[in-house]
Amino acid sequence: MTLTKKCVLLFSCIIIISCKGAPLEKVSNTVSNPMIGTWKLLMTTTVENGDSTVTDYNKNVSFIKIINQTHFAFLQHDLNKGKDTTALFVAGGGRYQLTGTTYKEQLEYCSARDWEGHDFTFNIELKNDTLVQSGEEKVEAAGVNRVTIEKYVRQLE
């Protein structure tokens, strides 16, 4: 190979490498979907048969919900590491759709297997780092027919 051909080849390689373009910047998906992130459940109000029950998730139980562009997942466990009668672990997840303030979950996986394959539609309110989700949970196989109001706070990443 002649010196001229080597120079042309080297010059061509330099041009190709320099035309690679700038790397793509990470775009925050929370702008287009503010629900994306990790959420810690603070409190749930459950209304069943006209009776209301409030559960504080800051005492004996921890619950988080993780939402990405297409899926959600939730994890719940007792804070005593399963060492007493409060031993508890619940997990689930699946696909979701968000249209305005309507959030619909399709529960594909759940440790409470009777819940799998059900859809749940919720109304959401987002204000700063707080998410309030409310809607009906109805699962005949599990004997569940109730309204829940859940209050979450966004976890810093």
Side-chain angles (χ1 to χ4, degrees), residues 17 19-157:
I17 291 170
C19 291
K20 178 181 172 188
L24 295 175
E25 292 182 28
K26 184 177 179 183
V27 177
S28 173
N29 289 317
T30 58
V31 173
S32 61
N33 182 350
M35 289 189 60
I36 291 175
T38 302
W39 300 88
K40 179 175 175 37
L41 184 59
L42 300 176
M43 173 191 324
T44 297
T45 302
T46 305
V47 181
E48 194 166 14
N49 299 322
D51 293 327
S52 296
T53 304
V54 176
T55 304
D56 182 351
Y57 283 84
N58 292 305
K59 292 184 178 180
N60 301 320
V61 177
S62 181
F63 183 109
I64 62 168
K65 181 178 278 195
I66 303 164
I67 300 174
N68 69 20
Q69 294 84 352
T70 59
H71 287 78
F72 72 97
F74 59 84
L75 303 163
Q76 176 182 348
H77 69 99
D78 64 277
L79 296 177
N80 292 325
K81 301 186 186 241
K83 305 274 188 223
D84 60 22
T85 58
T86 65
L88 173 71
F89 180 80
V90 180
R95 293 189 163 279
Y96 76 91
Q97 287 95 37
L98 177 63
T99 307
T101 60
T102 302
Y103 170 68
K104 184 176 180 181
E105 296 179 343
Q106 295 90 40
L107 192 58
E108 298 174 57
Y109 310 97
C110 190
S111 56
R113 302 303 289 269
D114 288 343
W115 289 68
E116 287 182 349
H118 289 84
D119 293 348
F120 302 95
T121 302
F122 301 98
N123 183 53
I124 59 157
E125 290 179 50
L126 279 165
K127 187 173 182 182
N128 299 322
D129 66 346
T130 303
L131 165 66
V132 177
Q133 172 182 310
S134 58
E136 183 182 33
E137 295 179 331
K138 188 172 185 177
V139 182
E140 288 182 29
V144 174
N145 186 4
R146 63 187 177 207
V147 172
T148 62
I149 303 163
E150 300 174 334
K151 183 177 181 180
Y152 295 87
V153 66
R154 183 184 298 278
Q155 298 298 284
L156 299 176
E157 298 181 27

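Index from 1, following the sequence. Basis for what follows: all heavy atoms, side chains included, without hydrogens, waters or symmetry-related copies. For clarity, every value in this text was computed on a predicted model and none was experimentally measured.
- By the side chain to side chain contact (heavy atoms under 4.5 Å, CB included) test, L107 pairs with F72, F74, C110, W115, F120, sequence neighbours left out.
- Residue N68 comes nearest to Y96 through the heavy atom pair O-OH, 2.6 Å, listed as atom of the first residue, atom of the second, then distance.
- For T99, there are no side chain to side chain contact (heavy atoms under 4.5 Å, CB included) partners, not counting sequence neighbours.
- Counting all heavy atoms, side chain and backbone alike, A141 lies closest to D114 at O-OD2, 3.6 Å.
- Qualifying side chain to side chain contact (heavy atoms under 4.5 Å, CB included) partners for T85, counting only residues two or more places apart in sequence or in other chains: none.
- Taking 4.5 Å as the limit, every side-chain heavy atom of V90 sits out of range of all side-chain heavy atoms of F63.
- Considering all non-hydrogen atoms of both residues, S62 and K40 come closest at OG-NZ, 3.8 Å.
- A distance of 8.5 Å separates OH of Y152 from CE of M35, quoted to the nearest 0.5 Å.
- Residue E108 places its CD atom among more than 12 non-hydrogen atoms of other residues, nucleotides or ligands, all under 6.0 Å distant.
- If you take CD on Q97 and CD on E105, they are separated by 10.5 Å, rounding to the nearest 0.5 Å.
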If you look only at distance, which donor and acceptor atoms sit under 3.5 Å apart when one is on a side chain in residues 75-84 and the other is two or more places apart or in another chain?
| from | atom 1 | to | atom 2 | distance (Å) |
| --- | --- | --- | --- | --- |
| D78 | OD1 | L88 | N | 2.8 |
| D78 | OD2 | N80 | N | 3.1 |
| D78 | OD2 | K81 | N | 3.0 |
| D78 | OD2 | G82 | N | 2.8 |
| N80 | ND2 | D84 | OD2 | 2.9 |
| N80 | ND2 | T86 | OG1 | 3.4 |
| D84 | OD1 | T86 | N | 2.8 |
| D84 | OD1 | T86 | OG1 | 2.5 |

Taking only distance into account, with no hydrogens and no angle test, what donor-acceptor pairs under 3.5 Å do side-chain atoms of residues 49-59 form with protein atoms, sequence neighbours excluded?
| from | atom 1 | to | atom 2 | distance (Å) |
| --- | --- | --- | --- | --- |
| D56 | OD1 | N58 | N | 2.8 |
| D56 | OD1 | N58 | ND2 | 3.1 |

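- For the side-chain hydrogen bond (donor to acceptor under 3.5 Å, both in side chains) condition, the pairs that include at least one residue of residues 128-147, sequence neighbours left out, are K65-Q133, Q133-E150, E137-R146.
- Rounding to the nearest 0.5 Å places CZ of F122 at 13.0 Å from CG of L98.
- Taking OG1 of T101 as the start and CD1 of I124 as the end, the distance is 6.5 Å to the nearest 0.5 Å.
- Nearest heavy atoms, E116 versus R113: OE2-NE, 3.0 Å.
- In this structure, CZ on R95 lies 5.0 Å from OG1 on T70, to the nearest 0.5 angstrom.
- To the nearest 0.5 angstrom, N33 atom CG is 9.5 Å from Y103 atom OH.
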